[in-house]
Amino acid sequence: MNEVQRAARVKSKALELGFGSCGITDLSPTPHAEELTDWLDRGLAGTMAYMHRQVAKRLKPEKIVPGATRAVLLTRSYYNPDPGKHDRNRGKIAKYARGRDYHDALREPLQQLATEIIRLGGDGTTARPCVDAGPVPERELAQRAGLGWIGKNTMLIDQRRGSFFFIASILTNADLAIDPAFETDRCGTCRRCLDACPTDAFLDERVLDSRRCISYLTIEYRGEIDDALRDRMDGWIFGCDICQDVCPWNHKFATPATDPVLEQDPALADLELDEIMQLSDADFDNRYGWTALERPGAQGMRRNAEIAQSHNCGRETCSTP
Ligand code: B12
Ligand code: SF4
Ligand code: SF4
């Protein structure tokens, strides 16, 4: 079997395992080193110290797994429409977090694909799966592997499916043919995402100040949130989907996922604020420990719920009645 045939087998196995798309690229240094180092130097990663620690590997992805020469990039949709009008006694949860934690859910299908790559590669083949854990520059490698372009909202967008999907990767030394990069920018003159962000977190097209992003504030940031931002958090208590919800590519092409691996619980689309504020740490863990809400934990979610309860932004773009 040659490298082209092996790559074709890997892709058909990926689709069989429920991934929405699969592309292959090499691990040469990023051509966007400046974007990453500028972003870090300007402090736009906020308190995410791991982004600073991982910089050498993100710039040179060949350093992540010794001997690896290829990255197999995969996407998996989690899109499900929101449940109608938002009730201001409830806090909104981003679509990706309305089910089992995706790090756990995707482990099994990724491991199965890694096993297939090892089988196809033969003796001495290694294959290490990763999803949003570790220094893999996932969006950039996915764009290089032909899976989509980087939108002005910094998301990887697939012209057939929009952007509501996870990206995962497998780094391997198997000899696999690589795909052409997706070079076209399909955002055109649109700037809906930039205009819709309630906290003005985009400093420019494709430049996000995490310190202003609701996703960062509700999930990653541990301290007190500035008054100026609290009033603009639009009822979100975990993550934020606004810059994807307004994107025409999602309007046209995002279709509900029917994936048993990422099955969603509609009750997790929004949570009663009073209830979150009253839950003990142990009750919170029992109820939500299996979801991505575990990252901010009970304490972080109580803080977020309290902010949502006092929410009164009055902005035109605010979707909370
Ligand atoms: C840190 C991080 C965050 C931070 C910072 C986000 C950011 N925009 O950088 C915070 C906490 C804010 C965040 C929020 C979210 N995140 Co996040 N996050 C990450 C993480 C761990 C690293 C991203 C990163 O490297 N940022 C640094 C900046 C500088 O990199 P970048 O914007 O990706 O830009 C790179 C390339 O795009 C390229 N580049 C820059 N300009 C250009 C221009 C062109 C033309 C090209 C080709 C390339 C290019 O160079 C950069 C350097 O590599 C990745 C997982 C991973 N391991 O990579 C997930 C990841 C990006 N997040 C993801 C998701 C789902 C989200 C949220 C939607 C969650 C939510 N609903 O709340 C939001 C979206 C907010 C947004 N608009 O980005 C998904 C994105 C899937 C997709 N379709 O793109 C990822 C890939 C996780 C995953 N495995 O699925 N996230
Ligand atoms: S996720 Fe929300 S807060 Fe963050 S950049 Fe997008 S619209 Fe702005
Ligand atoms: S909303 Fe418009 S500018 Fe933003 S990512 Fe989508 S197409 Fe691009």
Side-chain angles (χ1 to χ4, degrees), residues 32 35-36 38-39 42-46 48 77-88 91-97 139-140 142-143 148-165 167 182 184-221 225-255 269-270 304 307-308 310-321:
H32 296 281
E35 280 90 341
L36 179 60
D38 274 7
W39 189 77
R42 293 165 75 189
L44 304 183
M48 295 183 288
S77 169
Y78 58 79
Y79 177 72
N80 265 296
D82 293 327
K85 209 166 166 64
H86 175 65
D87 168 353
R88 68 170 302 150
K92 295 185 272 184
I93 307 289
K95 292 178 190 52
Y96 84 88
R139 294 198 270 220
E140 164 143 4
Q143 180 268 334
W149 77 101
I150 311 287
K152 290 180 190 173
N153 59 5
T154 77
M155 302 299 291
L156 182 84
I157 308 178
D158 175 334
Q159 60 182 344
R160 293 160 303 142
R161 296 183 309 133
S163 64
F164 286 113
F165 50 74
I167 305 173
F182 192 103
T184 322
D185 172 5
R186 297 246 147 132
C187 286
T189 56
C190 175
R191 47 173 293 122
R192 284 189 208 182
C193 51
L194 310 179
D195 296 337
C197 175
T199 52
D200 296 322
F202 294 108
L203 303 183
D204 205 340
E205 296 172 3
R206 302 180 178 87
V207 181
L208 177 73
D209 184 348
S210 301
R211 298 166 303 179
R212 303 188 65 84
C213 174
I214 296 166
S215 183
Y216 166 81
L217 292 170
T218 54
I219 304 172
E220 301 288 334
Y221 181 64
I225 296 174
D226 263 18
D227 283 350
L229 291 169
R230 287 165 74 100
D231 271 353
R232 292 170 158 215
M233 287 171 63
D234 198 38
W236 293 94
I237 57 169
F238 185 94
C240 167
D241 284 330
I242 295 175
C243 55
Q244 296 188 86
D245 280 337
V246 298
C247 178
W249 292 93
N250 284 324
H251 289 185
K252 274 187 223 146
F253 298 111
T255 49
D270 52 10
N304 299 342
I307 294 173
S310 57
H311 165 72
N312 179 26
C313 85
R315 278 167 58 97
E316 253 172 54
T317 51
C318 178
S319 55
T320 307

Do you know the tightest heavy-atom contact between [X] and [Y]?
X	Y	result
G151	R206	O-CG, 3.3 Å
Q244	S163	OE1-OG, 2.7 Å
L44	L208	CB-O, 3.8 Å
C247	I157	SG-CD1, 4.3 Å
W39	A45	CZ3-CB, 3.6 Å
R211	L229	O-CD1, 3.7 Å

I'd like to know if D82 pairs up with K95 as an ion pair, taking the criterion as any Lys NZ or Arg NE/NH1/NH2 lying under 4.0 Å from an Asp or Glu carboxylate oxygen. yes
Residue pair [X] / [Y], side-chain heavy-atom distance below 4.5 Å:
X	Y	answer
F182	I150	no
D234	K92	yes
M155	F164	no
P198	W236	no
P248	C190	yes
E220	S210	no
R232	D200	yes
R192	H251	yes

How long is the span from the [atom1] atom in [X] to the [atom2] atom in [Y], to the nearest 0.5 Å?
X	Y	atom1	atom2	answer
C197	I242	SG	CD1	7.0 Å
D241	Y79	CG	OH	9.5 Å
W149	D158	CH2	CG	8.0 Å
K152	L194	NZ	CG	6.5 Å
D231	T199	CG	OG1	12.5 Å
L36	E140	CG	CD	8.5 Å

Using modelled atom types and a 3.5 Å cut-off, is there a donor and acceptor pairing between side-chain atoms of [X] and backbone atoms of [Y]?
X	Y	result
D209	L203	no
S77	F165	no
N153	C193	no

Test side-chain contact (heavy atoms from CB on, under 4.5 Å) on I237 and T218 and set out the steps. CA-CA 6 Å; I237 57 169; T218 54; 5.7 Å; no
Run the side-chain contact (heavy atoms from CB on, under 4.5 Å) test on Q159 and T184 for me, step by step, so that the C-alpha distance in whole Å, both residues' side-chain angles and the decisive distance to 0.1 Å come before the verdict. CA-CA 10 Å; Q159 60 182 344; T184 322; over 6 Å; no
